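Each remark here refers to the structure printed beneath this line.
It should be emphasised that the depicted structure is a prediction, and the values quoted were computed from it without experimental measurement. Basis for what follows: all heavy atoms, side chains included, without hydrogens, waters or symmetry-related copies.
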Amino acid sequence: MTATPVTYFKLVGAMAMWGGTWIAGRVIAQELPAPLLAAAFRFLIAGVLLAGFALATERAIPLPRSGREWGAVAGLALTGMFLYAVCFVYGLKSITAGRGALVVALNPVVAALVAWFVGQERMTPRKLAGIAIALLGSLMVIGNGDPLAFLHGAIGMGEWLIVGCVLCWTAYTFIGRSATKTLSPLAATLHASLVASILLAVTALIQGNIDLPGWSWRVWASVFFLAIGGTALGFTWFSDG
């Protein structure tokens with residue numbers, strides 16, 4: 001399948017949405033002692049919105065039809081939503097939104113290297129040069145100006161957690177590429193969001209320290225931005241692309 005301008009628009013649009021998620025995530029991480037319930041609401045709201053959109057446009061909610069498709073949905077929920085959310089909110093407790101977003105510049109680097117390693121994409125000199133530049137830049141950010149800082153343990157837990165986001169997202173990308181061969185991006189994102197919301201809610205309840213009535217309007221605004229822009233639109237456009 002050949003990429004069209006619409007494909008690139010959706011991918012760039014997803015990146016723009018996700019740029020804002022770092023600010024919203026930082027608000028939640030700083031204001032809530034136990035932020036995973038907010039992440040659960042994020043994916044629950046996104047799943048409900050996507051289900052409503054499916055009913056309005058297709059008159060039905062698309063369902064996975066086989067164990068393989070349900071397995072792909074579970075993989076998407078676990079990697080790109082549940083584990084990513086854990087690394088995301090706890091990483092942002094100790095580093096700034098801008099710093100976290102720069103660390104995540106490793107996403108395309110790792111994805112391109114894995115795609116080349118498993119034989120899905122061909123490596124070219126131009127692509128290799130881009131990977132080297134992006135990798136050096138990310139290591140400079142992670143190491144506060146020292147690209148070799150990780151070799152001698154000079155990197156904090158916040159940075160390592162955001163690197164965890166990168167690894168989770170790489171896994172999500174490859175699972176999503178396989179899943180959307182038979183599932184629509186809408187169906188994949190919808191069901192993965194609902195599964196992730198359950199996993200996050202259960203984990204939040206086990207953790208305790210929940211004060212839902214005490215959430216500020218800033219927290220709720222951040223949750224809705226993450227749900228609508230960062231998940232319902234961002235994840236669907238990314239999977240479609």
Applying a strict under-4.5 Å side-chain criterion to I, L, V, M, F, W and Y, I'd like to know whether [X] and [Y] cluster together.
X      : Y      : value
Val114 : Leu78  : yes
Ile61  : Leu50  : yes
Ile210 : Ile206 : no
Leu199 : Leu205 : no
Ile162 : Leu226 : no

(message) Can you tell me which residue among Trp169, Trp22, Phe82 is in a ring pair (Phe, Tyr, Trp, His ring centres under 6.0 Å) with Phe88?
(response)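 Option passing the ring pair (Phe, Tyr, Trp, His ring centres under 6.0 Å) with Phe88: Trp22.
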
Side chains of [X] and [Y], heavy atoms from C-beta outward: is any pair under 4.5 Å?
X      : Y      : answer
Tyr90  : Pro35  : yes
Thr21  : Trp18  : yes
Met81  : Tyr172 : yes
Ser193 : Thr231 : yes
Val48  : Phe43  : no

Out of curiosity, [X] [atom1] to [Y] [atom2], how far, rounded to the nearest 0.5 Å?
X      : Y      : atom1 : atom2 : answer
Leu37  : Leu44  : CG    : CG    : 10.0 Å
Ile95  : Glu159 : CD1   : CD    : 5.0 Å
Ile131 : Leu113 : CD1   : CG    : 4.5 Å
Leu76  : His191 : CG    : NE2   : 11.5 Å
Ile228 : Arg42  : CD1   : CZ    : 12.0 Å
Lys127 : Met123 : NZ    : CE    : 6.0 Å

(request) Might you confirm whether atom CE of Met157 has over 12 heavy atoms from other residues, nucleotides or ligands at distances under 6.0 Å? (result)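 No.
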
(message) For Phe174, is the CZ atom crowded, meaning more than 12 foreign heavy atoms sit under 6.0 Å from it?
(response)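 Enclosed: over 12 neighbouring heavy atoms sit under 6.0 Å from CZ of Phe174.
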
Exercise: identify the closest heavy-atom pair between [X] and [Y]:
X      : Y      : answer
Val89  : Ala29  : O-CB, 3.2 Å
Gly47  : Leu194 : CA-CD2, 3.9 Å
Ala192 : Ala77  : O-CB, 3.3 Å
Ala46  : Ala232 : CB-N, 4.1 Å
Ser94  : Gly158 : OG-CA, 3.1 Å
Leu183 : Pro64  : CD2-CA, 4.0 Å

(request) Please determine, by modelled atom types, if Ser178 and Arg68 share a side-chain donor-acceptor pair under 3.5 angstrom. (result)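 Arg68 and Ser178 do have a side-chain donor-acceptor pair below 3.5 Å.
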
(request) Give a yes-or-no answer on whether the side chains of Arg26 and Thr96 include a donor-acceptor pair shorter than 3.5 Å. (result)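 No.
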
(request) With sequence neighbours excluded, tell me which residues meet salt bridge (charged side-chain N to carboxylate O under 4.0 Å, His left out) with Lys93. (result)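 For Lys93 there are no salt bridge (charged side-chain N to carboxylate O under 4.0 Å, His left out) partners, ignoring immediate neighbours.
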
(message) Determine whether a donor-acceptor pair (N or O, by modelled atom type, separation under 3.5 Å) exists between the side chain of Ser66 and the backbone of Glu69.
(response)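 Yes; at least one donor-acceptor contact below 3.5 Å.
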
(request) Using the six-membered ring wherever Trp is involved, compare the ring planes of Trp237 and Phe9 and label them parallel, tilted or perpendicular (cut-offs 30° and 60°). (result)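 Ring orientation of Trp237 relative to Phe9: tilted.
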
(request) Kindly indicate, with the supporting measurements, whether the criterion side chain to side chain contact (heavy atoms under 4.5 Å, CB included) is fulfilled by Val166 and Tyr84. (result) CA-CA 8 Å; Val166 174; Tyr84 185 101; over 6 Å; no

